[in-house]
Asker: 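Please read through the structure below; I'll follow up with questions.
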2 protein chains.
Amino acid sequence: MGKRKENSTNLLNESYIMESCDLTYAICKIGGRWKLLILCKLENGTLRFSELRNQINGITERMLTLQLRELEKDGLVKRTVYAEVPPRVDYELTEIAKELVPIWAKLSKWGAKHKILVSEF
Amino acid sequence: MGKRKENSTNLLNESYIMESCDLTYAICKIGGRWKLLILCKLENGTLRFSELRNQINGITERMLTLQLRELEKDGLVKRTVYAEVPPRVDYELTEIAKELVPIWAKLSKWGAKHKILVSEF
DNA sequence: CCCATTACTTACAAATTTGTTAGTATCATA
DNA sequence: TATGATACTAACAAATTTGTAAGTAATGGG
């Protein structure tokens, strides 16, 4: 998000892990603080920047921008800019991201169940 | 992993997100740097601390300990200590974690596919 | 008594992520 | 000409995660 240091142990470890484990790779792509919330909001269709901002409690414009940029770079979100003033930018899920939706659904279900189980102990 | 500051915006945001999105909740539970690699190694059965350490390239004992502790606290891994010297500690997936295995498998597949697609552009 | 083994801890430092605050550009409209 | 709306960016600070290096306890074997 800021630039990362090249050749830090940290970065090397991350690279190694992403290479050696497709699962880690997958989850890294959606691992930012707000990414999943953003992706979930987009499940039902296109939204513009301000709509996302308003639907996600607590996110700052900076964070929203950063997370969207990464999602875009990673091919999960498509960004469309309209040449209007005031500006208008739309975001939507890519095909690749849509493939994830049914998997998310299961994970989400697991999360809900697990949340209860753990909080009950 | 170190203790977190109470009442930081960061922590509040995290709490909010975990509450409002089961998916984020789920993924947070497995989001540590080495957690998935650990969980994957345990898919085939019980391993002891040193076996995990040896099978995961680059992990330090500190990190392995920290991640295992969180996985244990979150109910994903079961820790069994034997009263032996030198010490012997076994780790295995819990039932809850095993429920995730088929989901991981799909995510992992997606990751593998996505990795290729993105690197090709 | 000394050493090796195993599964950790501890104190510290570096890297990374996240948050805060204050801008910026553009142009239609008042 | 000043204002407002929208989607950002920039500089900085705080919080959090990750890594480094050096221990520790207990006990069987030499």
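Reckoned from all heavy atoms, side chains included, excluding hydrogens, waters and symmetry mates.
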Asker: Rounded to the nearest Å, what distance is computed from the CG atom of residue Asp90(A) to the C1' atom of nucleotide dC8(D)?
Answerer: 15 Å

Asker: Partners of Glu61(B) by salt bridge (charged side-chain N to carboxylate O under 4.0 Å, His left out), sequence neighbours excluded?
Answerer: Arg53(B)

Asker: Let's see if you can work this out: which of dG19(D), dT18(C), dT16(C) has an atom nearest to the side-chain heavy atoms of Ser8(A)?
Answerer: dT16(C)

Asker: Please give, in whole Å, the distance from dA7(D) P to Glu51(A) CD?
Answerer: 8 Å

Asker: Any N or O donor-acceptor pair linking the side chain of Arg62(A) to the base of dT20(C) at under 3.5 Å?
Answerer: yes

Asker: Gln67(B) side chain N/O closer than 4.0 Å to the phosphate oxygens (OP1, OP2) of dT18(D)?
Answerer: yes

Asker: Per the side-chain contact (heavy atoms from CB on, under 4.5 Å) rule, which among Leu23(A), Leu100(A), Asp22(A) passes with Trp110(B)?
Answerer: Leu100(A)

Asker: Quick one: Arg69(B) CZ to dT10(C) P, roughly how many Å, whole number?
Answerer: 11 Å

Asker: Got a sec, which pairs hit salt bridge (Lys or Arg N to Asp or Glu O under 4.0 Å) with one end in residues 103-114 of chain A, sequence neighbours left out?
Answerer: Lys113(A)-Glu99(B)

Asker: Please check the phosphate of dT16(D) (OP1 and OP2 only) for any side-chain N or O of Arg33(B) closer than 4.0 Å.
Answerer: no

Asker: If you only use heavy atoms from C-beta on, which nucleotide in dC12(C), dT16(C), dC8(D) is closest to the side chain of Tyr91(A)?
Answerer: dC8(D)

Asker: Rounded to whole angstroms, how far apart are CD on Glu84(A) and C1' on dT29(C)?
Answerer: 16 Å

Asker: If you check the Thr65(B) side chain, which of dG19(C), dC8(C), dT10(C) turns out closest?
Answerer: dC8(C)

Asker: Which residues satisfy the side-chain contact (heavy atoms from CB on, under 4.5 Å) test with Asp90(B), sequence neighbours excluded?
Answerer: Thr46(B), Arg48(B), Thr80(B), Tyr82(B), Arg88(B)

Asker: Enumerate the protein-to-nucleotides 2-6 of chain D contacts in which both atoms are nitrogen or oxygen and the separation is below 3.5 Å.
Answerer:
{"from": "dT6(D)", "atom 1": "O3'", "to": "Arg48(A)", "atom 2": "NH2", "distance (Å)": "3.2"}
{"from": "dT6(D)", "atom 1": "O3'", "to": "Pro87(A)", "atom 2": "O", "distance (Å)": "2.9"}

Asker: Restricting to ring-ring contact (aromatic ring centres under 6.0 Å, His included), what partner residues turn up for Tyr25(B), sequence neighbours left out?
Answerer: His114(A)

Asker: Has Glu84(B) got more than 12 heavy atoms of other residues, nucleotides or ligands less than 6.0 Å from its CD?
Answerer: yes

Asker: Just the rounded figure in Å: distance from P of dA7(D) to CG of Leu52(A).
Answerer: 10 Å

Asker: Find the distance between NZ (Lys41(A)) and CG (Leu93(A)) and round it off to the nearest 0.5 Å.
Answerer: 13.0 Å

Asker: Taking all atoms of both residues into account, what is the closest heavy-atom pair of Leu37(B) and Ser20(A), and its distance?
Answerer: CD1-OG, 4.2 Å

Asker: According to a strict under-4.0 Å criterion, is Thr9(A) in side-chain N/O contact with OP1 or OP2 of dA15(C)?
Answerer: no

Asker: Separation of Leu66(B) atom CG from dT10(C) atom P, in whole Å?
Answerer: 11 Å

Asker: Could you state the atom-to-atom distance from NZ of Lys5(A) to P of dT18(D) in whole Å?
Answerer: 18 Å

Asker: Please list residues of residues 10-20 of chain A whose heavy atoms come under 4.0 Å from any atom in DNA chain C, ordered by number; otherwise none.
Answerer: Asn10(A), Leu11(A)

Asker: Whole Å only: how far is the CG atom of Leu64(A) from the C1' atom of dT18(C)?
Answerer: 14 Å

Asker: Should the pair Lys35(B)-Glu70(B) be classified as a salt bridge under the 4.0 Å nitrogen-to-oxygen rule?
Answerer: yes

Asker: Which residue in the set Leu71(A), Thr24(A), Asp74(A) passes side-chain contact (heavy atoms from CB on, under 4.5 Å) when paired with Lys29(A)?
Answerer: Asp74(A)

